[in-house]
Amino acid sequence: MSQEKKLEIKGITLRIIELGEADKTLLFLHGWGCDATTMQSVAQSDILAEYRCIFMDFPGFGKTPPPAEAWGVGEYADFTAYFIREISPD
């Protein structure tokens with residue numbers, strides 16, 4: 001069962017979708033012009049049995065608002081690294 005959540009990251013309210021409840025986590029990143037739902041079909045039952053799958057809308061895509069100023073690839077990479085640190089267990 002999927003759970004849609006909102007998570008505040010660096011001042012941006014990010015939409016994430018979670019599937020599965022396992023201890024290990026997989027993060028799925030969508031391509032340009034897509035959203036969190038794009039990759040959900042990849043998370044089949046065999047993957048969900050072993051992993052908690054997280055799908056996020058990058059800022060400016062899907063249900064996540066855009067950043068205050070336009071971002072390039074570097075800003076999206078930095079944001080993704082920060083997001084991974086935030087969701088990772090201690």
Side-chain angles (χ1 to χ4, degrees):
M1 177 182 215
S2 70
Q3 291 184 320
E4 185 171 314
K5 298 179 178 181
K6 301 288 184 184
L7 182 63
E8 185 82 14
I9 300 286
K10 297 187 96 172
I12 297 174
T13 303
L14 187 70
R15 176 186 65 160
I16 62 170
I17 299 171
E18 289 188 16
L19 295 173
E21 298 177 5
D23 292 334
K24 297 184 284 183
T25 301
L26 286 177
L27 174 61
F28 291 81
L29 305 174
H30 64 76
W32 209 257
C34 299
D35 66 14
T37 63
T38 305
M39 299 294 294
Q40 282 184 289
S41 64
V42 174
Q44 301 297 319
S45 59
D46 55 336
I47 292 174
L48 293 174
E50 294 188 44
Y51 296 94
R52 176 182 110 192
C53 298
I54 297 177
F55 307 84
M56 71 173 203
D57 282 341
F58 278 114
F61 295 90
K63 295 182 180 178
T64 299
E69 297 179 14
W71 284 3
V73 173
E75 289 86 1
Y76 280 102
D78 291 344
F79 183 86
T80 302
Y82 187 87
F83 175 77
I84 291 169
R85 285 190 298 275
E86 286 295 304
I87 65 167
S88 296
D90 294 334

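These numbers come from a predicted model, not from an experiment.
- Taking every heavy atom of both residues into account, T64 and P59 meet most closely at CG2-CA, 3.6 Å.
- Going from atom CG of L29 over to atom CD1 of I84 covers 7.0 Å, rounded to the nearest 0.5 Å.
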Run the side-chain donor-acceptor check on residues 32-44: report pairs under 3.5 Å with partners two or more places apart or on a different chain.
residue : atom : partner : partner atom : Å
D35     : OD1  : T37     : N            : 3.0
D35     : OD1  : T37     : OG1          : 2.5
T38     : OG1  : D35     : N            : 3.2
T38     : OG1  : D35     : O            : 2.9
Q44     : NE2  : S41     : O            : 2.3

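- In plain terms, the two heavy atoms of A49 and A22 that are nearest each other are O-CB, 4.3 Å.
- Taking the six-membered ring where tryptophan is involved, the planes of F61 and F58 are perpendicular, since the angle between them exceeds 60° and thus also 30°.
- Judged as a salt bridge (charged side-chain N to carboxylate O under 4.0 Å, His left out), not a single pair has a partner in residues 66-88 (not counting sequence neighbours).
- Note that the CD1 atom of I87 and the CD1 atom of I54 stand 3.5 Å from one another [nearest 0.5 Å].
- Annotation: ring-ring contact (aromatic ring centres under 6.0 Å, His included) contacts of F28 (sequence neighbours excluded): F55.
- Between T80 and M56 the shortest side-chain heavy-atom distance falls below 4.5 Å.
- Linking ILVMFWY residues whenever their side-chain heavy atoms come closer than 4.5 Å, directly or via other members, places L27 and Y76 in the same cluster.
- Atom CG in D57 sits 8.0 Å away from atom NZ in K63 (nearest 0.5 Å).
- Of all heavy-atom pairs spanning I47 and C53, the tightest one is CG2-SG, 3.8 Å.
- The side-chain contact (heavy atoms from CB on, under 4.5 Å) test applied to K5 returns Q3, I16, E18, not counting sequence neighbours.
- Applying the side-chain hydrogen bond (donor to acceptor under 3.5 Å, both in side chains) test to E21 and every residue at least two apart in sequence or in another chain returns nothing.
- Cluster membership check: F83 does not share its hydrophobic cluster with L19, using side-chain heavy-atom separations under 4.5 Å among Ile, Leu, Val, Met, Phe, Trp and Tyr.
- The list of salt bridge (charged side-chain N to carboxylate O under 4.0 Å, His left out) pairs with a residue in residues 23-34, not counting sequence neighbours, reads K24-E50.
- Linking ILVMFWY side-chain heavy atoms closer than 4.5 Å, directly or via other members, places I17 and L7 in two distinct hydrophobic clusters.
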